[in-house]
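Here's the structure, in structure tokens; my notes come after.
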Amino acid sequence: MASAIFCIVPILFSLLLLPCEAHVIIHPFEYIYQLGDSLADTGNLICQSATTGKTPAAAHLPYGESFRGGPTGRCSNGLLIIDFVAIALSLPLLNPYLDSNATFDHGANFAVAGSTALDYTFFTTKGVYNPSTNISLGDQLNWFKSHLNTICLTPAECKEVLSKALVFVGEIGGNDVNHPLIQGKSIQEIYTYLPYTIEAITNAIRVSFYMIIIKEVIHLGAVNIVVPGNVPIGCLPVGLTVVSGGNETAYDDMGCSKELNELALVQNNYLQESLSLLRQEFSHADIIYADYYTAYKTILYGAADFGFDEKSLLKSCCGIGGLYNYDHNRECGSRGVPVCRNPTQYISWDGIHLTQEAYRHITEILLPDILPGIRYI
Ligand SMILES: *[C@@H]1O[C@H](CO)[C@@H](O)[C@H](O)[C@H]1NC(C)=O
Ligand SMILES: *[C@@H]1O[C@H](CO)[C@@H](O)[C@H](O)[C@H]1NC(C)=O
Ligand SMILES: *[C@@H]1O[C@H](CO)[C@@H](O)[C@H](O)[C@H]1NC(C)=O
């Protein structure tokens with residue numbers, strides 16, 4: 001695992017050297033900050049659950065079974081995309097912000113498993129319950145600001161720090177869809193929940209909620225921002241299980257749900273249109289869209305080349321029941337739920353999240369997109 005990643009580093013730097021003007025001095029980022037959900041949480045939900053008393057499944061085996069340190073709260077058998085990005089940049093793995101014993105010398109992780117983009121109360125008023133956390137993207141932004149107050153004294157100093165930081169805002173918004181879907185809301189209704197269409201009024205201009213957060217991150221001084229989109233949720237065991245039963249016209253050539261993938265694509269298209277507007281408004285910043293959707297499709301369609309078992313592409317490694325080895329009432333980590341013998345042959349870890357192997361390949365696909373466009377000062 002490590003050897004495959006370390007060989008990326010020289011490739012990265014050679015890619016970077018090619019298009020660079022001679023007057024630009026190159027050095028790697030010194031900090032990484034991450035806002036997001038379970039695709040990026042490295043332990044925050046465990047820390048938060050110390051106050052709520054509900055220990056998340058990811059605190060226990062088989063979560064973390066392929067990671068030297070064991071379970072950490074990462075929703076996978078091992079490392080996540082943000083970990084592989086840190087390794088590629090020769091930075092330490094990001095500690096969860098809520099861990100009072102952790103150090104944050106090279107950044108911090110604010111992502112919480114189960115977080116939504118829209119506020120907790122937006123969903124409770126719709127009758128949608130968040131089974132994991134009441135933390136949303138806005139709360140994470142407030143943590144980010146509090147953290148900055150501990151490491152820089154003036155706005156100018158904070159801008160100096162953030163000029164050397166790679167800031168991931170997302171993936172977030174997946175749970176705004178997943179929770180209502182699992183809880184029986186119609187796809188038609190879920191289209192009205194997307195954080196890119198819910199608008200707020202600031203300075204008399206209507207902008208989407210998600211964009212307000214990204215703008216605030218830029219106002220704090222971030223100039224290297226990565227905004228990932230949603231994955232093809234119609235290819236995940238959880239999505240397929242929720243919509244199961246349709247006739248063959250409901251599925252694409254890979255067996256993924258067309259209407260759920262369409263929902264993710266609409267979400268991603270809104271996001272990309274909004275990012276184009278942000279790029280016009282903030283030309284000094286590099287705002288990169290990380291196409292998780294296409295990267296996921298790439299490993300799905302090239303499964304054999306990536307070493308995945310072609311008969312298990314839509315099945316959870318850790319899970320039980322049904323066509324997709326997933327049962328919402330008996331999730332990975334529950335008593336008696338088996339784990340596949342070789343997670344490196346599976347894309348899906350627990351029906352919702354991916355295996356370390358899938359995350360590693362997705363990162364390798366995305367790194368050339370994420371890094372060359374980014375300004376090295
Ligand atoms: C921090 O460290 C102390 C002493 O080692 C330990 O008792 C405590 O549980 C730790 N807290 C967290 C959040 O890990
Ligand atoms: C989340 O819930 C905890 C415990 O009930 C509470 O202390 C905290 O203020 C809540 N946070 C938010 C952002 O709602
Ligand atoms: C398949 O399902 C769709 C949507 O429910 C329906 O419109 C269509 O007529 C069905 N086709 C067949 C062959 O049953």
Side-chain angles (χ1 to χ4, degrees), residues 33-38 40-41 43-59 73 96-100 108-150 169-170 172-176 178-181 183-191 193 195 198 200 209-210 212-214 216-217 220 233-235 239-266 314 323-324:
Y33 293 99
Q34 166 83 60
L35 292 78
D37 59 22
S38 57
D41 186 353
N44 281 316
L45 184 62
I46 291 184
C47 299
Q48 200 205 6
S49 71
T51 59
T52 60
K54 285 189 298 180
T55 308
Y97 174 69
L98 295 183
D99 181 349
S100 48
N109 191 343
F110 307 101
V112 182
S115 269
T116 48
L118 295 176
D119 284 354
Y120 178 70
T121 49
F122 172 87
F123 290 101
T124 52
T125 60
K126 304 281 181 191
V128 176
Y129 162 72
N130 189 322
S132 312
T133 184
N134 59 356
I135 298 301
S136 65
L137 185 58
D139 303 311
Q140 294 180 27
L141 177 68
N142 288 335
W143 292 348
F144 192 6
K145 290 177 184 167
S146 302
H147 172 70
L148 287 175
N149 282 336
T150 68
V169 185
I172 188 85
N175 290 318
D176 299 51
N178 295 344
H179 294 154
L181 194 65
Q183 291 168 37
K185 296 285 185 188
S186 71
I187 291 176
Q188 264 44 55
E189 181 168 350
I190 293 169
Y191 269 102
Y193 296 177
I198 303 288
F209 175 82
Y210 195 0
I212 295 174
I213 301 275
I214 299 175
E216 284 212 43
V217 168
L220 290 172
I233 53 175
C235 302
L240 284 160
T241 301
V242 169
V243 299
S244 67
N247 63 40
E248 69 274 14
T249 63
Y251 301 96
D252 69 13
D253 55 340
M254 285 303 287
C256 302
S257 159
K258 285 186 199 164
E259 63 176 347
L260 287 185
N261 279 356
E262 179 63 24
L263 176 60
L265 281 174
V266 168
L314 304 179
L323 284 175
Y324 307 104

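When a ligand or atom number is given, it counts from 1 through the structure's own listing order. Reckoned from all heavy atoms, side chains included, excluding hydrogens, waters and symmetry mates.
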Salt-bridge present (Glu216, Lys145; N to O < 4.0 Å): yes
I'd like to check Leu314 versus Cys235 (side-chain heavy atoms, cut-off strictly below 4.5 Å). Are they in contact? yes
So do the side chains of Asp176 and Phe123 get within less than 4.5 Å of each other, counting heavy atoms only? yes
In terms of the angle between their ring planes, are Tyr193 and Phe122 parallel, tilted or perpendicular, with boundaries placed at 30° and 60°? perpendicular
Yes or no: does Thr52 have any heavy atom under 4.0 Å from an atom of ligand 2? no
Ligand 2 and Asn134, any nitrogen or oxygen pair closer than 3.5 angstrom? yes
Which word best sums up how the rings of Phe144 and Phe110 line up, parallel for under 30°, tilted for 30 to 60°, or perpendicular for over 60°? tilted
Numbered atoms of ligand 2 (with element) below 4.0 Å of Asp139, judged on heavy atoms: 13 (C)
Test Ser115 against every option in Asn134, Asn130, Ile172, Asp139 by the side-chain contact (heavy atoms from CB on, under 4.5 Å) rule and name the one that passes. Ile172
Pick out the protein N or O atoms lying less than 3.5 Å from any N or O of ligand 3, and list each pair with its distance.
from     : atom 1 : to     : atom 2 : distance (Å)
ligand 3 : 2 (O)  : Asn247 : OD1    : 3.4
ligand 3 : 2 (O)  : Asn247 : ND2    : 2.5
ligand 3 : 11 (N) : Asn247 : ND2    : 2.9
ligand 3 : 14 (O) : Asn247 : ND2    : 3.2

Residues 255-265, side-chain donor-acceptor partners within the protein, below 3.5 Å, at least two apart:
from   : atom 1 : to     : atom 2 : distance (Å)
Ser257 : OG     : Leu260 : N      : 3.2
Lys258 : NZ     : Thr249 : O      : 3.0
Asn261 : OD1    : Gly234 : N      : 2.7

